[in-house]
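Numbered from 1 within each chain, the chains take letters A, B, ... in sequence-line order. For the numbers below, each heavy atom of this structure counts, side chains included, while hydrogens, waters and symmetry mates do not.
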There are 2 protein chains.
Amino acid sequence: MEQLWAAPAALTVREVHEQLAGTRELAYTTVMTVLDRLAKKKLTERERDGKAWRYRAAAPREELAADLMRDALDRAGDRREALVRFVGQVSDEEAALLREALSQLDAQEQTG
Amino acid sequence: MEQLWAAPAALTVREVHEQLAGTRELAYTTVMTVLDRLAKKKLTERERDGKAWRYRAAAPREELAADLMRDALDRAGDRREALVRFVGQVSDEEAALLREALSQLDAQEQTG
DNA sequence: TAGCATCTACTACGAAACGTCGTAGATAGG
DNA sequence: CCTATCTACGACGTTTCGTAGTAGATGCTA
């Protein structure tokens, strides 16, 4: 359902619907409803374009993922423990990416 | 609802109910249902104790949090990007804990 | 200007999850 | 045998989600 995020720019309902037509047979109004609900949840934003609305993701997929990770961490009780367990679950590659992200953060703090 | 996790040992429905009585006025069967549903979702385990069941968390709160973080990361598309955003959201203290967790992971890999 | 196409707004409906609880029946202790 | 204690199972209202239809506004076109 959220594969609409793949799209780079703001799309109208029609465009999303057509783009989905290959993969799944959905009624036009179904797409409309979904987009509308996402907008109500602030996951998409919309702007007028003639009589139609043009929808765009409020934040990239990665930002959503990061938010969810934060939320999970917030409900953890002992954050240290949760983080230890988290890095314990993560693949080697992901651990490397994490380290990278952290040094990037350092660099930023130096500069900014 | 999941504040039942605060308890250290396996508890019977009655014990959980009594423990909750101070905070919230819940029917005995409500507690039972909840515990039972949690068990069905594998979030609690239960063992017989006389005619009663004794429930215990299948995993500590922190493990659940870590699982959720993983899930979020898995639905991210570009993991690097998601991780960068995540560490960007996190507090300084949490970043430090993360670094710590990562070095701990290193040490483990050396040893184990 | 009448009519058709296009779009939105609103409503709906079934399924699943959740919080809440009741009833029925098994079991154990006095 | 009666009563208290537990469980199993069902139930009901609410919310979320996927799906879709209908009504009404708007705009192009003949």
task = Carefully, step by step, assess R70(B) and E94(A) under the rule salt bridge (Lys or Arg N to Asp or Glu O under 4.0 Å).
result = CA-CA 10 Å; R70(B) 255 230 71 78; E94(A) 287 162 341; 3.0 Å; yes

query = Given Y55(A) and D36(A), is the side chain to side chain contact (heavy atoms under 4.5 Å, CB included) satisfied, shown in steps?
reply = CA-CA 9 Å; Y55(A) 292 81; D36(A) 198 51; 4.0 Å; yes

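Here dT6(C) presents its P atom at 10 Å from CD of E18(A), a figure rounded to the nearest Å. One can place CE of M32(A) at 15 Å from P of dT19(D), the figure rounded to the nearest angstrom. Counting to the nearest Å, the C1' atom of dT7(D) and the CG atom of D49(B) are 14 Å from each other. When rounded to the nearest whole Å, the span between CZ of R46(B) and C1' of dA8(D) equals 9 Å. When the P atom of dT6(C) is taken as reference, atom CZ of R48(A) falls 17 Å away, rounded to whole Å. What separates CZ of R14(B) from P of dC6(D) is a distance of 5 Å, to the nearest Å. Here dG18(D) presents its P atom at 18 Å from CD of E25(A), a figure rounded to the nearest Å. Rounding to whole angstrom units, CG of residue L38(A) and C1' of dT19(D) are separated by 14 Å.
Map D36(A) and L26(B) each onto its nearest nucleotide of DNA chain C; the residue landing nearer the 5' end is D36(A). For the pair T33(A) and A52(B), both in contact range of DNA chain D, the more 5′-proximal nearest nucleotide belongs to A52(B). Heavy-atom nearest nucleotides on DNA chain D were determined for R37(B) and for K51(A), and the one closer to the 5' end corresponds to R37(B).
Contact check, Y28(B) against dG22(C): no side-chain N or O comes under 4.0 Å of OP1 or OP2. Regarding contacts with the backbone of dC17(D), a side-chain N or O of K41(A) is found under 4.0 angstrom from either OP1 or OP2. Checking the phosphate oxygens (OP1, OP2) of dG19(C), no side-chain nitrogen or oxygen of T30(B) falls inside 4.0 Å.
Other residues, nucleotides and ligands contribute at most 12 non-hydrogen atoms within 6.0 Å of the CD atom of E93(B).
Using a 4.0 Å cut-off between charged side-chain N and carboxylate O, R75(A) and D71(A) make no salt bridge.
For A27(B), taking side-chain heavy atoms from C-beta onward, the closest of the listed nucleotides dT7(D), dA9(C), dG22(C) is dG22(C).
With contacts defined as side-chain heavy-atom distances shorter than 4.5 Å, the pair L102(A)/L102(B) qualifies.
Residue contacts shown for V34(A) include a base, since a base heavy atom lies under 4.0 Å away.
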